[in-house]
Amino acid sequence: MARIALDAMGGDFAPRATIAGALQALNELDGSHSVQLIGQTSVIEHELARALTGELAHCAHARNRAAIVEAPDTIDMSERPTAALRKKPGNPMAIGIKLQADGSSDAFVSAGNTGAQMAVSSIMLGLHPGLTRPAIATVFPTAREPMVFLDSGANVDCSAMELVQFGWLGSVYAEYVLGRANPVVGLLSIGEEEAKGNAVSKEAHTLFRAAGFNFVGNVEGRDLPAGACDRGPVDVVICDGFVGNIVLKFYEGVIPMIVDLLAQGEGVNGSSLRAALGPLDSAHYGGAPLLGVRGVSIICHGNSSPRAIRNAIKVAVRAVETRLNEHIGERLAGGGRPSAESGAVA
């Protein structure tokens, strides 16, 4: 059973997209799971009534698994996170994360202000011992299997040791959520040779070699779509959040461009093509977990559609069911070394 707190007011298309996504998720998930809709009660109730008497009438049976939790304040995307959190204590993020901290919820999902979500998650949930920063882990589609890519934007500047910490976080995610036994880790750089890269990446390369990872060495940007380098498959790719966010946004932009170009070809069925390439759409993966905090906090794109919110809720449920947070704590407590059950899906 997973209780997922959802920021019903967060995102460019909230509350319509968030509530529609929640109802769709509940319609597809096992009946033991529930969603807590965090936001302004009157707005949520109005949108629920509209959706359930319209295009989502088939989800009416799931209504009793969607509770409403009042949060009178909202945080805009343009607001500075720390100032907004201080001035608006009744915002959905603070209230949703507090539910988890108090044991009344199991995970939090939001398409709202990413900086605010990172701040409140780190402060209210805390970090696992041994970590200095959390990291955003994005699942990238590749030509083979999806890979875990982090940091996707939480930390603009990172030390070599912090990159190694991200390696442990990504490895645990790959093992317990994606089911990869002894995942292969690569360090994103400008060349595969150990001497390539800036000072931080070269130092990190040395630390990775000594840290006990199944480390393949440096990987290049061209290796990401393939999900492999010339030395074999890669399951986890590590970089700082500055580089990571640029790569993420490029990935998101180039895939729709390729789909549109292919759809313009003579005799090509655009609808069939888009359906076939659906797994390349970021909405297919829904949200990215903020790894390292002592809980489950899923970060969604600000422009998340109902489909993206639905899938983000499923990501949260998966993280709860696989006990991802506990496994991260166990791994870090053990010095990062894989446990005997490494690779098992709990």
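The figures that follow rest on heavy atoms only: side chains count, while hydrogens, waters and symmetry mates do not.
Residues satisfying the salt bridge (Lys or Arg N to Asp or Glu O under 4.0 Å) criterion with K87, sequence neighbours excluded, are absent altogether. Residues satisfying the side chain to side chain contact (heavy atoms under 4.5 Å, CB included) test with F13, not counting sequence neighbours, are A17, N303. Contacts of E28 classified as salt bridge (Lys or Arg N to Asp or Glu O under 4.0 Å), with partners at least two apart in sequence or in another chain: R310, K314. Remark: R133 pairs with E162 by the salt bridge (Lys or Arg N to Asp or Glu O under 4.0 Å) rule, at least two apart or across chains.
Atom NE2 of H46 has 12 or fewer neighbouring heavy atoms from other residues, nucleotides or ligands inside a 6.0 Å radius. In this structure, R144 places its CZ atom where more than 12 heavy-atom neighbours from other residues, nucleotides or ligands lie under 6.0 Å away. No more than 12 heavy atoms of other residues, nucleotides or ligands shown are found within 6.0 angstrom of CG on D157.
Both F208 and L291 sit in one connected hydrophobic cluster of ILVMFWY residues. Membership requires side-chain heavy atoms under 4.5 Å apart, directly or through other members. Note on I190: it does not cluster hydrophobically with V219, by side-chain heavy-atom contacts below 4.5 Å among ILVMFWY residues. Tracing side-chain contacts under 4.5 Å through hydrophobic residues (I, L, V, M, F, W, Y), one reaches V296 starting from L26; they form part of the same cluster. Under the 4.5 Å side-chain heavy-atom criterion for ILVMFWY residues, a single connected hydrophobic cluster contains both F108 and L290. In this structure, L29 is a member of the same hydrophobic cluster as I309, with clusters built from ILVMFWY side-chain heavy atoms closer than 4.5 Å.
Checking each of V243, L248, V247 against N245 for a side-chain contact (heavy atoms from CB on, under 4.5 Å) leaves exactly one that passes, namely L248. Checked options R323, R3, R318; the residue passing with D106 is R3 (criterion: salt bridge (charged side-chain N to carboxylate O under 4.0 Å, His left out)).
Applying the salt bridge (Lys or Arg N to Asp or Glu O under 4.0 Å) test to every pair with at least one member in residues 12-21, sequence neighbours left out, gives these pairs: R16-E47.
Residue I68 holds its CD1 atom at 5.5 Å from CD1 of I44, rounded to the nearest 0.5 Å. L23 CG to L56 CG: the interatomic distance, rounded to the nearest 0.5 Å, is 5.5 Å. Note that CD1 of I123 is 11.0 Å distant from CD1 of I97, once rounded to the nearest 0.5 Å. Atom CD1 of I4 and atom OG of S34 lie 7.5 Å apart (nearest 0.5 Å).
Ion pair K202/E193 not flagged as a salt bridge, since none of the NZ, NE, NH1 or NH2 atoms sits closer than 4.0 Å to an Asp/Glu carboxylate oxygen. Residues E220 and K196 are not paired through a salt bridge, judged by the lack of any N-O separation under 4.0 Å between the basic side chain and the carboxylate.
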Under 3.5 Å, sequence neighbours excluded: what are the donor-acceptor pairs made by side chains of residues 109-117?
| residue | atom | partner | partner atom | Å |
| --- | --- | --- | --- | --- |
| S110 | OG | D7 | OD2 | 2.8 |
| S110 | OG | G112 | N | 2.9 |
| N113 | OD1 | G115 | N | 3.1 |
| N113 | OD1 | A116 | N | 3.0 |
| N113 | ND2 | D76 | O | 3.2 |
| N113 | ND2 | M77 | O | 3.2 |
| N113 | ND2 | E79 | O | 3.1 |
| Q117 | NE2 | S297 | OG | 3.0 |
| Q117 | NE2 | I298 | O | 2.9 |

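Side-chain polar atoms of E175 and H327 form no donor-acceptor pair below 3.5 angstrom. For S104 and D102, the side-chain atoms include no donor-acceptor pair closer than 3.5 Å.
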